[in-house]
*Asks:* 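Input: one structure, supplied below.
Every number for a ligand or one of its atoms is a count from 1 in the order of the listing. Residue numbers count from 1 along this sequence.
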Amino acid sequence: MYQIIDGKAISTSLKEELKEKVTALKEQGIEPCLAVILVGEDPASTVYVNNKKKACEFIGIKSLSYELPETTTQDELLALIEKLNADDSVNGILVQLPLPKHIDEDAVIGAISPLKDVDGFHPQSVGSLCIGRKGFVSCTPAGIIELLKRSNVEIEGKECVIIGRSNIVGKPMALLMLRENATVTVCHSRTKNLKEVAKRADILIVAIGKPKMITAEYVKEGAVVIDVGIHRLEGKKLCGDVDFDDVAPHTSAITPVPGGVGPMTIAMLMKNCVDSVIFE
Ligand code: GUN
């Protein structure tokens with residue numbers, strides 16, 4: 001029988017722990033504060049930003065909300081980031097992506113102080129992760145490490161195969177698994193013999209953005225499978241990149257969609273916000 005890794009329950013425990021930490025910080029007169037910037041009215045981004053603000057409220061983190069019109073110029077956005085960088089009462093700055101097409105995302109991410117980069121997207125944060133220095137880590141891959149550890153999945157010495165090489169998930173995931181002493185393989189759209197490579201994995205992490213692409217043929221008997229994908233099927237049901245019903249019986253543990261990796265992303269953002277108070 002396989003274990004279903006309950007991301008919802010694990011994220012709730014983490015948020016409860018953070019709430020206690022924030023209460024203790026407030027007793028010392030310290031109030032963590034996150035600035036959340038949304039440009040435009042993309043419906044999905046609006047939902048994500050509202051969920052982030054709600055999580056802040058639950059934990060006791062102050063959130064400042066900047067909801068800017070679609071027509072905001074890059075210079076206006078950069079000026080706001082400059083102001084927040086210089087504001088000592090703000091610990092974290094989050095700019096929700098994607099940004100409107102007339103704004104250069106790299107320029108915006110690069111303008112956020114690495115000391116306040118709670119998304120972990122700044123090149124300095126990514127570089128620090130790569131060479132084992134202190135810095136913020138991208139929330140989804142950091143959440144996956146937390147899920148594995150809190151589910152007692154051993155990582156050290158294990159064969160880990162990651163499918164997907166995005167800057168936000170695949171690449172930082174590979175660096176984190178390496179930091180945990182796994183043997184890491186990163187696969188992508190040009191990988192040859194993907195099924196055979198995936199089948200080597202003791203821990204298979206899938207972030208490819210294709211609904212139910214990973215079937216039992218890609219999975220070694222007894223592997224741990226982590227599904228980062230989330231898709232809405234016709235009829236509104238959600239599914240991941242992994243065909244759960246086909247794959248689950250062959251695993252020792254697997255994350256469901258919804259209720260697996262998803263809830264961990266916001267919980268880790270909250271952890272980064274709390275950590276940002278003491279980050280120097
Ligand atoms: N858009 C989709 N995911 C994310 C995320 O994790 N952070 C930010 N800032 N924008 C996103």
*Asks:* Which is it for Leu97 and ligand 1 at heavy atoms under 4.0 Å: side chain, backbone, both or neither?
*Replies:*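 It is both backbone and side chain that touch ligand 1.
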*Asks:* Counting only nitrogen or oxygen atoms and a 3.5 angstrom limit, does Gln96 reach ligand 1?
*Replies:*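 For ligand 1, there is an N or O atom that lies under 3.5 Å from one belonging to Gln96.
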*Asks:* Which atoms from ligand 1 have a heavy atom of Lys52 less than 4.0 Å away?
*Replies:*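 Within the 4.0 Å cut-off of Lys52, ligand 1 contributes 5 (C), 7 (N), 8 (C).
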*Asks:* What I want to know is whether Tyr48 and ligand 1 share at least one N or O pair that is separated by under 3.5 angstrom.
*Replies:*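 No - when backbone and side-chain N and O of Tyr48 are compared with those of ligand 1, no distance drops under 3.5 Å.
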*Asks:* Does Gly222 offer a backbone N or O that forms a donor-acceptor pair with the side chain of Thr251 under 3.5 Å?
*Replies:*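 Judged by distance alone, no pair lies under 3.5 Å.
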*Asks:* Return yes if a side-chain donor-acceptor contact under 3.5 Å exists between Lys53 and Ser65, otherwise no.
*Replies:*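 Yes, a side-chain donor-acceptor pair sits under 3.5 Å.
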*Asks:* Can Thr255 and Asp227 be counted as having a side-chain donor-acceptor contact under 3.5 angstrom?
*Replies:*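 No.
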*Asks:* Heavy atoms only: which of Ile37, Asp119, Thr265, Ile266 is nearest to atom 7 (N) of ligand 1?
*Replies:*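 Looking at heavy atoms only, Asp119 sits closest to atom 7 (N) of ligand 1.
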*Asks:* With a 3.5 Å cut-off and no angle check, do the side chains of Ser89 and Asp87 form a donor-acceptor pair?
*Replies:*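 Result is yes, a qualifying pair exists.
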*Asks:* Run the numbers for me: atoms of ligand 1, each under 4.0 Å from some heavy atom of Val95, listed by number.
*Replies:*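 Selected atoms, number and element: 8 (C), 9 (N).
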*Asks:* Once you round to the nearest 0.5 Å, how far does OG1 of Thr71 lie from NE2 of His102?
*Replies:*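 Here the interatomic distance stands at 7.0 Å.
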